[in-house]
Amino acid sequence: MKQKEQEKAALLQGTLDMLILRTLLYGPAHGHQIGKHIQRTTNDFLQMQHGSLYPALHRLERRGWVSSKWETAPDRNREFKYYRLTDKGRKQLVVEESKWRQMADAVARVMWPAAPGTEES
Amino acid sequence: MRWWQIGQRKSDLERELRADLDLEEEEQRESGHSPEDAHYAARRAFGNPTLIREQTLDMWSWTHVERLLQDLHYGLRQMRRAPAFTATVLLILALGIGAVTAVFSLIDAALLRMLPVQNPEQLVQFKTVSPSFPVDDAFSYPTFKALRNQTGVLESALAFRRLHNIDFEIGGHSGLAEGQVVSGNYFSLLGVRTALGRTLLPSDESVAGQNAVAVISYNYWQSRFALDPAIVGEKILLNNAPFTVVGVTEPEFYGVQPGARIDVSVPLTTELLVNPGFAAAGTRYDVLTAPYRNWLYVIGRLRLGVSREQATASLQPVFAQSTRIAADALAGFPYVRQAYLQLRLRLDPASQGLSALRQQFSRPLWVVMAIVAFLLLIACANVAGLLLARANAREREIAVRCAIGAGTGRIVRQLMTESILLALGGGALGMALAWIGSRTLLALMEHGRTLITLRVHPDPAILVFALTVTLLTAIVFGTVPAWRAARTAPAQGLSPSRRIARDAISHHRFGKSLVVVQVALALVLLVGAGLLARTLANLSSFYPGFNRDKVLLFSVDPPLIGYKDVVPLYQELLARIRALPGVLSVSMSVHEPLSTNVSDTAVRVQGSPSADGSDLTSVDVEPIGPDYFATMQTPLLRGREFTADDKGGTPEVAIVNQSMARHYFGDSDPIGRLVSIPLYRGDSGWMRIVGEVRDVKVHDLRERATLMLYVPMFQAPEGAATFEVRTAVDPESIQTAALAAVQAIDRRLPVYATKTLNDQFANSLVEERLVASLSTVFGLLALLLTCVGLYGLMAYAVNRRTSEIGVRMALGAQRGRIARMVLREALFLAGCGIAVGIPAAALTSRLVASQLFGLLPGDPVTFLSVCVLMAVMTVLASYLPARRAASVDPMQALRSE
């Protein structure tokens with residue numbers, strides 16, 4: 001892996017965790033569904049290879065924020081590994097969300113200052 | 001999930017990925033792609049399955065174990081697939097690690113290991129210090145008893161003294177043994193266990209001359225009595241005095257002096273039985289009562305919680321009182337008395353025992369340690385070079401692994417694991433080599449004048465040391481090649497055509513610097529070896545003041561078998577030996593030439609300021625026989641030698657040496673002046689000086705001048721004596737005849753220490769020989785390794801640059817020119833190494849300046865010869881690669897592109 005790609009991956013990791021947790025808030029889903037959902041909701045803006053979800057999912061499971069179970073899909077006659085949010089995961093989602101909001105606010109304040117004269121140029 | 005469920009985890013993940021992948025493929029088909037397109041589209045959308053698998057499994061931390069096992073398995077397979085390479089690397093590493101471990105195990109046995117007794121850190125050795133005299137470690141028996149009673153700060157104290165050349169007779173068979181006299185609590189204080197019977201008890205130390213019991217060592221029991229259990233209770237004769245064996249000590253115990261051989265221990269109250277001359281029982285010099293006869297070494301065990309400072313302070317008044325009593329007994333010698341009153345007690349730590357060995361071998365052993373450490377560094381550099389070459393050869397493999405997703409860290413880890421495997425292999429072999437090596441080293445050390453009996457045990461400390469060294473070695477030689485290999489871009493690794501430009505420029509830089517480092521280190525070693533070897537040569541050819549060729553030495557000890565008056569015996573013996581065919585002259589002395597024993601005292605000279613005994617300069621007194629200097633061929637500067645007429649009843653005479661004459665008389669003639677040695681011989685009157693001789697080396701070849709006072713043996717007879725026989729033929733040939741002459745006078749007379757004066761001379765150089773031979777061997781090994789490294793680098797370079805050479809030749813370069821190019825490059829590298837090595841050698845050689853003799857650390861001849869040697873070896877090492885380069889066929893070389 002080249003340097004730039006590694007940087008991109010690191011930045012995305014924390015955000016990805018948050019997005020997965022949020023997606024699971026709607027209800028349990030398997031890896032493929034989560035990936036498709038994120039892609040669809042952002043209008044194909046966040047296009048990641050679906051495969052890179054799996055390390056994230058397993059990491060979340062290890063931390064106890066999601067749990068997994070093999071279940072049969074309702075529309076296909078096959079079993080998939082479904083992930084669902086745990087209570088800890090729910091709390092973590094709130095934490096991640098507020099962190100993200102704080103960062104977004106800070107960035108916004110620098111980029112688009114609220115009133116003239118309140119900040120040094 | 002626990003780690004043992006990892007198999008299940010993996011199959012679970014497989015199932016999960018497969019399920020989702022199949023779903024993706026289905027969806028692709030449903031959105032209109034053909035089955036084949038859908039298949040590939042799905043995989044593209046999904047990503048690299050291997051990478052995903054690895055990354056996912058990575059989330060679960062126990063995969064590190066699995067990964068390690070994977071690395072190990074792969075590493076071992078790599079090692080098996082390249083047996084020649086692996087063998088070479090293992091051998092080089094084994095050499096370096098083995099050498100270092102061997103020397104360390106010796107240092108551990110001789111210098112570092114704690115005594116094998118209970119709580120050795122509580123032990124302290126008693127010493128006396130004073131402004132006028134050097135530190136002394138001998139005490140009188142009354143003082144010892146007074147100190148032992150101080151149970152406030154001491155648990156107890158023990159005393160001992162060595163006994164040499166004991167005639168140990170059992171069942172009519174005699175043998176020579178080494179031993180000691182000890183206080184009754186010696187064994188209990190040290191916590192020594194028995195293998196058989198009992199050890200000594202405090203009650204054994206009660207009355208002088210009684211409790212004639214003996215404890216023998218396990219070693220002696222094994223070597224002389226073959227572990228016969230009937231030894232306990234046996235009646236034996238020690239120096240003709242009857243004793244009973246009461247026990248055998250445990251195998252681990254060897255006394256408190258590492259390296260000393262203790263075969264038998266007896267209570268110190270039996271000194272008058274085994275050493276009557278020394279013990280002077282019943283006289284006012286009786287060793288058990290005389291307050292100023294300092295003959296015992298004392299070791300104490302501090303009470304728990306008491307520090308050395310506390311104990312010293314507490315014991316000082318008791319000691320002061322003892323010295324006052326001793327001083328009072330020296331009323332006739334005011335200046336000595338004064339010096340006595342200035343004595344203070346000092347306690348030194350004794351957890352590693354007392355050791356003359358440590359003083360003697362400490363410096364040389366550390367020098368050798370430094371040498372092998374350098375050798376190990378060279379071995380590491382060598383192996384690093386080899387690994388680097390191999391890593392370059394493995395470029396394709398590494399490139400492929402990069403391409404399928406391995407990160408730099410993963411590759412480095414893999415290569416490091418291989419390095420550690422190699423290091424462990426080399427370390428294991430090295431331990432085996434060290435075992436052999438340390439035995440050889442010991443054998444080299446044991447030929448000195450002091451009897452050394454060291455045993456190198458497998459010690460946990462040594463194992464830990466070897467392991468640490470091994471791992472450090474792996475890190476040193478493994479890291480950099482691993483880093484360099486991992487940073488290669490995969491694309492470059494996979495395409496062959498871009499090799500020419502790259503190889504010619506950067507890839508060799510590290511390999512070259514490794515060779516330069518090796519050359520520099522080898523230079524330092526060779527310079528050191530050269531200096532030490534020349535020191536040995538200088539010492540060996542040094543004129544010690546006498547002629548050491550063709551002289552036989554042997555010693556007898558008549559008082560051991562009961563002789564009271566030795567004079568007639570000695571006179572008879574001298575006459576008989578003189579009459580033997582092949583004998584030029586014969587004489588005798590109390591101490592061997594170049595003996596480590598000292599018999600010194602203070603001298604009074606009449607008519608000089610020192611007549612009142614105020615000059616406490618140390619003068620060695622040596623009783624000698626007639627014709628001593630003629631036998632030893634030491635030049636007589638003034639006056640005459642002793643003759644057979646200088647015996648009891650005739651006026652007392654003496655001979656001085658140059659240094660003594662100069663000290664007391666300046667440039668004036670010493671002949672006719674009067675001297676006396678009342679402290680050495682209580683009944684000494686004034687002796688007239690009748691001769692002056694040249695200085696000789698008395699104890700050591702390196703000593704400064706010793707002041708010597710020679711007195712006639714027959715006017716001051718002592719007990720044991722050494723005979724010097726100068727022969728016209730090989731001295732060993734008359735050995736039997738000389739021994740026969742002794743036996744003819746008295747069959748029971750024990751003869752020992754038979755050797756030639758040349759042997760004695762050689763034995764006095766054992767440390768120098770040890771260091772010189774070891775440094776030469778290791779220096780040459782280092783040179784060999786470096787040359788191999790240089791050869792390897794050149795050969796590899798030529799191999800890789802075949803295309804470049806082909807181009808050059810096609811453009812018109814002559815073969816000779818190509819060969820010279822290779823040679824020039826090799827010499828350039830060697831030159832860089834020499835340039836770095838010379839200042840380093842100059843610095844390190846200054847550290848061994850004190851070991852040198854007859855030359856300076858910066859000796860230009862040595863430095864120059866080593867540089868020339870290095871240059872010559874460089875040319876030799878690069879000969880084959882140069883020839884190969886010159887014989888490249890340009891058509892073939894270019895065609896392979």
Side-chain angles (χ1 to χ4, degrees), chain A residues 1-10 12-14 16-17 20 23 28-40 44 46-84, chain B residues 1-3 5-6 8-31 41-63 401-411 486-492:
Chain A
M1 256 201 274
K2 286 295 146 221
Q3 189 81 350
K4 279 218 193 114
E5 287 169 17
Q6 280 177 318
E7 280 172 7
K8 263 201 324 196
L12 210 51
Q13 201 185 63
L16 184 60
D17 287 356
I20 294 175
T23 309
H30 59 83
H32 188 255
Q33 279 177 326
I34 298 172
K36 271 267 144 49
H37 177 261
I38 292 177
Q39 196 173 324
R40 231 192 350 259
D44 283 348
L46 280 181
Q47 254 182 26
M48 75 202 78
Q49 293 183 321
H50 296 210
S52 36
L53 277 174
Y54 295 95
L57 283 167
H58 282 243
R59 186 174 56 244
L60 291 175
E61 184 173 2
R62 206 180 99 229
R63 293 227 182 107
W65 297 339
V66 302
S67 62
S68 66
K69 214 168 112 183
W70 282 93
E71 289 168 3
T72 323
D75 49 348
R76 320 246 175 195
N77 225 352
R78 269 202 300 254
E79 280 203 336
F80 293 94
K81 194 167 181 187
Y82 278 85
Y83 292 88
R84 46 172 53 77
Chain B
M1 277 219 195
R2 294 281 150 242
W3 60 268
Q5 293 170 320
I6 197 159
Q8 188 180 350
R9 184 123 210 102
K10 276 182 28 186
S11 61
D12 189 77
L13 182 64
E14 269 309 306
R15 196 174 155 208
E16 181 182 355
L17 293 178
R18 181 131 297 272
D20 283 0
L21 188 63
D22 287 346
L23 181 61
E24 176 70 35
E25 195 176 323
E26 262 182 42
E27 284 183 356
Q28 291 280 358
R29 248 182 290 143
E30 278 158 20
S31 60
R43 268 149 193 75
R44 268 200 307 277
F46 215 66
N48 181 346
T50 316
L51 192 59
I52 295 169
R53 234 173 272 131
E54 270 203 16
Q55 281 179 339
T56 313
L57 288 176
D58 223 4
M59 292 302 135
W60 303 90
S61 53
W62 54 72
T63 57
R401 293 167 105 213
C402 272
I404 60 172
T408 317
R410 186 80 178 82
I411 305 237
R487 280 192 4 201
T488 314
Q492 286 183 341

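First the proteins, then the strands, lettered A, B, ... as listed; each starts at 1.
With sequence neighbours left out, A:Arg84 forms a side-chain hydrogen bond (donor to acceptor under 3.5 Å, both in side chains) with A:Glu71. With sequence neighbours left out, A:His37 forms a ring pair (Phe, Tyr, Trp, His ring centres under 6.0 Å) with A:Tyr26.
A:Gln33 does not touch chain B: none of its heavy atoms, backbone or side chain, sits under 4.5 Å away. Interface remark: B:Leu13 contributes side-chain atoms only to the contact with chain A (heavy atom separation under 4.5 Å).
For the atom pair A:Phe80 CZ and B:Leu23 CG, the distance stands at 4.5 Å (nearest 0.5 Å). Atoms CG and NE2, on B:Asp12 and A:His58 in that order, are 7.0 Å from each other to the nearest 0.5 Å. In this structure, CZ on A:Arg78 lies 4.0 Å from CD on B:Glu26, to the nearest 0.5 angstrom.
If you tally non-hydrogen atom pairs under 4.5 Å between each of B:Arg53, B:Arg18, B:Glu16 and chain A, the highest count goes to B:Glu16.
A 4.5 Å side-chain heavy-atom check between B:Arg15 and A:Glu79 finds at least one atom pair inside the cut-off.
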